Number of protein chains: 4
Amino acid sequence: MKRKGPKYEKIIDAAVNVIAEHGYHQSQVSKIAKEAGVADGTIYLYFKNKEDLLVSVFNEKMGTFIEKTENELKGKDTAIEKLRTLVEMHFKQLTADYELSIVTQLELRQTNRQLRAKIGEVLKRYLNLIDTILQDGMKEGVFVPEIDIRLARQMIFGTIDETATNWVMNDHRYDLPALADAIHQMLVNGLSVKMPHSN
Amino acid sequence: MKRKGPKYEKIIDAAVNVIAEHGYHQSQVSKIAKEAGVADGTIYLYFKNKEDLLVSVFNEKMGTFIEKTENELKGKDTAIEKLRTLVEMHFKQLTADYELSIVTQLELRQTNRQLRAKIGEVLKRYLNLIDTILQDGMKEGVFVPEIDIRLARQMIFGTIDETATNWVMNDHRYDLPALADAIHQMLVNGLSVKMPHSN
Amino acid sequence: MKRKGPKYEKIIDAAVNVIAEHGYHQSQVSKIAKEAGVADGTIYLYFKNKEDLLVSVFNEKMGTFIEKTENELKGKDTAIEKLRTLVEMHFKQLTADYELSIVTQLELRQTNRQLRAKIGEVLKRYLNLIDTILQDGMKEGVFVPEIDIRLARQMIFGTIDETATNWVMNDHRYDLPALADAIHQMLVNGLSVKMPHSN
Amino acid sequence: MKRKGPKYEKIIDAAVNVIAEHGYHQSQVSKIAKEAGVADGTIYLYFKNKEDLLVSVFNEKMGTFIEKTENELKGKDTAIEKLRTLVEMHFKQLTADYELSIVTQLELRQTNRQLRAKIGEVLKRYLNLIDTILQDGMKEGVFVPEIDIRLARQMIFGTIDETATNWVMNDHRYDLPALADAIHQMLVNGLSVKMPHSN
DNA sequence: GATGAATGAGATTTCATTCAT
DNA sequence: TATGAATGAAATCTCATTCAT
């Protein structure tokens, strides 16, 4: 099972394109092979089976996605800046890769539980990024100390993801990164130390 | 195409049970028919095709879900109370129907774009509920007036949905309604009129 | 899994014909279905999978084969007559069913160990027939009492089977039942009470 | 097409081992190449194709088998002794080569008609040995002169082969050469000049 | 209305063989 | 000679849907 080489990359990219264009359930191995310019059997020299290919697609693309975000975060000093960067990077990267945005937001979700579990593994690294930002913010004293990290993470990821999915389902009709500020503002408000509202 | 009658209900309920037990991709029409105690062909007297059945499942169950929430909201006076009620009702109803929670949070998402679009139609009524609460809150002066309703709705729904999905994926291991208060607090904070944070 | 009905018979017979004509490895399910005049999927209403179909072919045909032999044996009084009948029936039945002779002597042997084990189960009933004849002969005092039943059975079956296989491999070019007498004579000689040869 | 050299031997032996261990249908060319320590393509420098390799395996191994038997027969004077030697050598050689016994008795039979025909060619030399013994015995006056050589040969080979196959299928659980005497006795009886039985 | 036997299109994966190096 | 990456044809089985009864 070769896991590197130019054909490996080609197949991964072909998979993204085919899935984005034809949808998950219409992405036969033969279609991906044709798009990659290799024989059907060649796929199986690089991937154990179709599921392995799909997981690898998510791994590779999400890996890059996360790394870029991590790198960008390094230059930021405060949790609030980091959170803004995270949201911005998320939206910018999806905007920069049209096909990928369709694949991650729509297509790769129509998979069975098993595949979704493996995808979930990869996502954990991203969720850990969020957790770190939250812990930083609590240390800095800008986020409410009693906050449940898990719930806060679910608010942040849920909000970003829901926003991104809506954008893709609306055919990328509007400027997603332009929404980053407003989203950021709401999230920070939700987490910040302040006078309690009266209810 | 009969849309009512005892068999109609039986088939809908059988579908929920079969999907919850065996998963979306293992829920063949014949299995649902057997669970419902009818012949395979009978399904097609009540539903146009399998997709129609699945949409109907979501319609019927989500319809009840939304109605109960609407009724509960009627008794509440302020937007903040209404939001709390919405979150609570969401979590309570999922907790009360084990099978439904699996079906709506996990299984019905593994469907193609077309089916998801139809499910989205049904969801709109729920999202409108959220919008109304937001508008109320802005009229009341408790929510920031400049807020983008769409983004706020995505934060609220995204947070609730992500929280619910995590709970199901963690095998319902903890008390979901118990989280409603903390979630509500974060959301209200995120939306409320207050002194801006310094960043 | 229906195991009876006119289609069941049709499929079994179609399988024999297709295997006899095209050989085991060229007998695709679709070819058998076409020969039987049913859809591919119909095969799977009557058989669990292709292996199950092949085992059933052997079961059904060998079952009839054995029953006819058993019936014929009932009319015989002595072990020697019974043995002659067994050999004759074996050769006559193969001669009467051209396709079956090819399938059982040549094609169904090119199968994996698992399938062969299941076929072996069916054969046991036939081998038991032989054992009974041997025991009868020993009781009658015409067969050497010290004979190892297992070895004697292997001689009888091995001889008959090898003879039949050669006949099929020689394209049925000669009259197989005409050899029964000579075969029978040799086998009886081999087993009979007599003066030991001098060696 | 080199037919000699150390790699030729290595490949032949690797084939026997792989087939014995994994079974005929699990013996891919690549697996044999790996076992032999050569590249897949190298196989095709020594053999025309996979069938040619398998026939060669049978050729080489059966050639040695037959030669050893021939050599042993040379030292024997009478047909009866020769027959005993043939049976003994057959069983001893199978016992001495565990892998070979599995390959010749079980695995190489699961092949198509074409390959089996070629294997039959190789076997002819062995069957000729039997024929010679039979003719010797008839000349010596110990075997019935009217015997049909072909039938007698089929009895001898069929019995030996059936016995050997049963032994392999019973996982070599008992001492095969120990059965040679009894088998020999039955065969000789079957062929010998004697008073006809009364039936 | 209700049945359920029958349909048949469609896709993943294997593996013998080739050929450029 | 030797390599081994690449090829691509080919077949089992599933399951939504139909329709004669």
Side-chain angles (χ1 to χ4, degrees), chain A residues 1-2 5-8 11 25-34 36-53, chain B residues 1-2 5-8 25-34 36-54, chain C residues 1-2 5-8 11 25-34 36-53, chain D residues 1-2 5-8 25-34 36-54:
Chain A
M1 194 107 319
K2 290 166 61 67
K7 297 222 161 120
Y8 177 81
I11 293 166
H25 288 293
Q26 278 307 305
S27 296
Q28 297 84 351
V29 170
S30 62
K31 211 177 266 176
I32 295 171
K34 196 173 182 184
V38 301
D40 293 17
T42 304
I43 302 260
Y44 293 86
L45 297 176
Y46 292 87
F47 304 92
K48 198 153 61 77
N49 49 35
K50 191 180 179 182
E51 174 174 316
D52 183 33
L53 164 57
Chain B
M1 191 108 324
K2 285 169 62 67
K7 294 206 170 154
Y8 178 82
H25 288 292
Q26 279 309 304
S27 296
Q28 296 85 354
V29 170
S30 61
K31 207 178 269 175
I32 294 172
K34 195 173 182 185
V38 303
D40 294 14
T42 304
I43 302 257
Y44 292 85
L45 298 174
Y46 291 87
F47 304 92
K48 196 152 64 75
N49 50 33
K50 190 181 181 182
E51 177 176 312
D52 183 34
L53 164 57
L54 295 175
Chain C
M1 192 110 317
K2 291 168 59 68
K7 297 224 161 117
Y8 179 82
I11 294 167
H25 288 293
Q26 278 308 305
S27 296
Q28 296 85 350
V29 169
S30 62
K31 211 177 264 175
I32 295 172
K34 197 173 181 182
V38 302
D40 294 17
T42 304
I43 303 259
Y44 294 87
L45 296 177
Y46 291 88
F47 304 93
K48 198 153 61 77
N49 50 34
K50 190 180 179 182
E51 175 174 316
D52 183 34
L53 165 57
Chain D
M1 190 107 326
K2 285 170 62 71
K7 294 208 169 152
Y8 178 82
H25 288 292
Q26 278 309 302
S27 297
Q28 296 85 352
V29 170
S30 62
K31 205 179 269 177
I32 295 172
K34 193 173 183 184
V38 302
D40 295 15
T42 304
I43 302 256
Y44 291 85
L45 299 175
Y46 292 87
F47 304 91
K48 197 152 63 75
N49 51 34
K50 190 180 181 182
E51 176 176 313
D52 183 34
L53 165 57
L54 296 175

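Residue numbers begin at 1 in each chain, while the letters A, B, ... track the order of the sequences. Predicted, not measured: the structure shown is a model, and the values here were computed from it.
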Legend entry - Shortest non-hydrogen separation from C:Ile11 to C:Ile32 and the atoms involved: O-CG2, 4.0 Å
Inset, instruction - Specify the residue among A:Gln28 and D:Ser30 whose closest nucleotide of DNA chain E lies further upstream toward the 5′ end. - result: A:Gln28
Legend entry - Euclidean distance, atom CG of residue C:Asn49 to atom P of F:dT14 [Å, nearest integer]: 8 Å
Legend entry - Nearest-0.5 Å distance that lies between atom CG in A:Leu53 and atom OH in A:Tyr8: 8.5 Å
Legend entry - Whole angstrom value for the distance that separates P of F:dG4 from NZ of D:Lys31: 19 Å
Legend entry - Nearest-neighbour nucleotide for the D:Asp40 side chain, F:dA2, F:dT12, F:dG4 considered: F:dG4
Legend entry - Interatomic distance where CD belongs to C:Gln26 and P belongs to F:dA10 [whole Å]: 9 Å
Inset, instruction - For D:Lys48, enumerate each residue passing the side chain to side chain contact (heavy atoms under 4.5 Å, CB included) test, keeping only those at least two apart in sequence or located in another chain. - result: D:Met1, D:Asp52
Inset, instruction - Look at all strands and tell whether A:Tyr46 reaches a base, only sugar-phosphate, or nothing, counting heavy atoms closer than 4.0 Å. - result: sugar-phosphate
Legend entry - Distance in Å, D:Ile43 CD1 paired with D:Lys7 NZ, rounded so as to fall on 0.5 Å steps: 11.0 Å
Inset, instruction - Only counting residues at least two apart or in another chain, list the ones meeting side-chain hydrogen bond (donor to acceptor under 3.5 Å, both in side chains) with D:Tyr44. - result: none
Inset, instruction - Specify the separation, in whole Å, of atom NZ of D:Lys2 and atom C1' of F:dA2. - result: 12 Å
Inset, instruction - Specify the separation, in whole Å, of atom NZ of C:Lys34 and atom P of F:dA11. - result: 14 Å
Inset, instruction - Would you kindly compare B:Gly41 and C:Leu45 by the position of their nearest DNA chain F nucleotide and give the one closer to the 5′ end? - result: C:Leu45
Inset, instruction - By nearest nucleotide on DNA chain F, pick out whichever of A:Ala39 and B:His25 is the more 5' one. - result: A:Ala39
Legend entry - Value in whole Å for how far the P atom of F:dT14 lies from CZ of C:Phe47: 15 Å
Inset, instruction - Determine the contact category for A:Val29: base if any of its heavy atoms lies under 4.0 Å from a base atom, sugar-phosphate if only primed atoms, P, OP1 or OP2 are that close, otherwise nothing. - result: base
Inset, instruction - By nearest nucleotide on DNA chain E, pick out whichever of B:Gly37 and A:Tyr44 is the more 5' one. - result: B:Gly37
Inset, instruction - Go through DNA chain E in 5' to 3' direction and return only the first and the last nucleotide with some atom under 4.0 Å of chain C's heavy atoms. - result: E:dA6 to E:dG8
Legend entry - D:Lys7 side-chain N/O to F:dT1 phosphate OP1/OP2 under 4.0 Å: no
Legend entry - Qualifying residues under side-chain hydrogen bond (donor to acceptor under 3.5 Å, both in side chains), relative to C:Tyr46, sequence neighbours excluded: none
Inset, instruction - Compare every heavy atom of C:Asp40 with every heavy atom of C:Ser30, then report the nearest pair and how far apart it is. - result: CB-OD2, 3.4 Å
Inset, instruction - Under 3.5 Å for both distances, Watson-Crick or G-U wobble, that's the pair rule; now give the dot-bracket for DNA chain E, with | marking pairs to another strand and [ ] for crossing ones. - result: .||||||||||||||||||||
Inset, instruction - Report yes if at least one side-chain N or O of C:Lys50 is closer than 4.0 Å to OP1 or OP2 of F:dC13; otherwise report no. - result: no
Inset, instruction - For C:Lys31, check side chain to side chain contact (heavy atoms under 4.5 Å, CB included) against everything at least two apart and list the hits. - result: C:Val18, C:His22, C:Gln26, C:Gln28
